[in-house]
Amino acid sequence: MKSKFFVTTPIYYVNDAPHIGHAYTTILADVLARFHRVAGDEVFFLTGLDEHGQKVKQAAEKRNMSAQAHCDDLAPRFLNLWQKLDIRYDDFVRTTQERHKRIVQMVLQKVYEAGDIYVDEYEGWYSVAEERFITETEYATGQFRDVKKIQEKNYFFKMSKYQKKLVEYIETNPGFIQPEHRKNEMLGFLRQPLGDLCISRPKARMDWGIEIPFDRDYVTYVWFDALVNYISIPGYGSDDVKFKKWWPADVHLIGKDILTTHCVYWTTMLFALDLPLPKTIFAHGWWLIGQTKMSKSLGNVVNPLDLIEQHGTDAVRYYLMREMVLGMDANFTQDSFNKCYNSDLANDFGNLLNRVSGLITKNHEGKIPDPGVLTPAEEEIKAQANALQGKVTALINAFQVQEAVSLIIEFVRVLNKYMELQAPWKLAKTDMKAAERVLYTAAESLRIVSVMLSPVMPEKTKTVLDVLGSLGTTASWGQIPVGTILKSHPALFPRIEVEKK
Ligand code: MSP
């Protein structure tokens with residue numbers, strides 16, 4: 001059944017150039033969006049930038065720039081990277097845009113008038129690094145850097161009021177927080193009494209934010225601003241028809257480090273606004289570099305631009321999707337990249353195209369041959385090809401992207417084996433009809449595989465489909481036009497030559 005699919009990524013802080021972690025979530029969202037488009041769903045894919053708050057302000061100060069100039073300077077780096085990575089988003093928010101700021105203020109006013117925001121004098125430990133007040137217990141751990149005691153008047157959101165409701169919601173909606181272990185982590189966190197959330201910053205201390213409409217001396221806390229993008233952009237408070245169409249989001253994709261802000265802050269904000277919660281919040285793990293966290297100070301940050309430069313966009317997209325089991329951490333190494341590329345892309349997928357197009361060109365006048373009557377061997381391939389889309393769709397709907405990609409590449413292996421067994425290069429000398437049947441079967445299967453891999457590798461699969469003279473996006477058997485003249489093509493994925501140590 002065709003339906004709508006609204007997917008979001010976190011909006012990234014513009015304090016530095018994007019790295020592989022940011023690229024990962026964005027590619028993941030793009031892949032899901034594209035799978036849904038292939039299935040015929042109507043898709044809204046939202047991403048963007050989180051431009052307010054202390055981190056961004058500090059980054060700007062370091063560069064001797066105004067915060068806005070700094071954001072304007074860095075935003076194109078994200079946009080260019082997304083373009084290079086073939087990210088097809090439907091909207092791109094920058095939280096400094098008027099269309100967003102207006103709605104944040106409206107939300108603040110609404111929640112204030114409903115009595116869920118109050119003012120209080122507060123004294124506590126403030127972590128500059130975390131950009132929030134930490135509890136005494138947290139302070140005692142000594143794990144927080146840049147901590148200072150601050151006493152000031154602030155505005156608070158009555159988050160505690162919704163604790164019980166939230167726990168009940170999580171318990172009665174099993175697919176809401178995924179994967180399961182993150183849901184349990186949140187339920188564990190919610191066993192402690194939930195405090196209220198400080199949602200203001202006095203301008204005198206930090207002025208880079210959205211002004212609080214009922215107190216001009218304050219700006220709002222960056223998370224109370226950023227999270228609202230998920231509703232401000234699909235039309236909350238500005239376009240009822242649009243908003244009704246898209247909200248609630250089908251999935252907020254996030255990294256595991258921003259679980260609490262999404263599962264607790266955001267959900268209680270939505271309760272206060274009397275809005276439905278997103279259908280799913282999915283937290284993925286971290287990309288580690290050779291088992292350690294990626295960080296600027298360690299100098300091990302992987303720049304996605306370098307990878308694209310070396311291996312092309314599609315190989316990078318493929319590797320990231322194929323390597324990380326959604327929900328778990330994954331390890332990035334050049335070695336695993338090379339192995340994945342050479343095995344799946346060069347040996348399996350690229351090789352299948354080479355064989356099919358090479359043999360058709362050599363022995364069949366370069367035209368897709370007529371299959372004639374299929375034998376049980378082809379019927380088996382056909383059945384597997386026809387079943388592929390259903391299986392992949394089920395996996396994608398369950399956010400098992402790695403498993404979906406594995407399943408498709410597994411079928412490519414089956415096809416290569418089928419080719420070896422049937423040996424159409426030999427058959428061409430003894431039984432032309434059989435050779436034609438085999439090559440038609442392989443070509444048609446390759447077409448279906450390409451359609452199914454197109455969300456992951458939009459560019460390379462387009463090349464394959466183009467070679468096969470097929471523009472269609474259907475993944476059911478029998479679409480390839482017999483007699484089509486194949487186009488010539490360069491090697492799809494030239495092998496990476498790995499130096500032997
Ligand atoms: N601005 C907030 C999000 C607001 S959403 C309303 C933020 N930005 S961030 O730029 O710091 O991080 C964005 C995302 O990148 C997070 O989901 C984080 O988990 C992800 N990643 C940052 N480093 C990562 C890895 N090494 N690996 C995978 N993802 C990681 O938080």
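Whatever order the structure lists ligands and atoms in, that order sets their numbers, starting from 1. Everything quoted here is computed from the prediction, not taken from an experiment.
- Under a 4.0 Å N-O distance rule, the pair K256/D329 qualifies as a salt bridge.
- The existence of a salt bridge linking R99 and D91 is confirmed by a sub-4.0 Å separation between a basic side-chain nitrogen and an acidic carboxylate oxygen.
- For the pair T313 (side chain) and K84 (backbone), a donor-acceptor distance under 3.5 Å is present.
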What are the polar N/O contacts of ligand 1 with the protein below 3.5 Å, with distances?
from     : atom 1 : to   : atom 2 : distance (Å)
ligand 1 : 1 (N)  : I11  : O      : 2.8
ligand 1 : 1 (N)  : D50  : OD2    : 2.7
ligand 1 : 10 (O) : Y13  : N      : 3.2
ligand 1 : 17 (O) : G255 : N      : 2.9
ligand 1 : 19 (O) : D257 : OD1    : 2.4
ligand 1 : 26 (N) : W287 : O      : 3.2
ligand 1 : 27 (N) : W287 : N      : 2.9

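- Of the charged side-chain nitrogens involved, at least one lies within less than 4.0 Å of a carboxylate oxygen, so that D215 and K153 count as a salt-bridged pair.
- Taking CD1 of I409 as the start and CG of L453 as the end, the distance is 6.0 Å to the nearest 0.5 Å.
- Between the side chain of D116 and the main chain of A272, no donor-acceptor pair closer than 3.5 Å is present.
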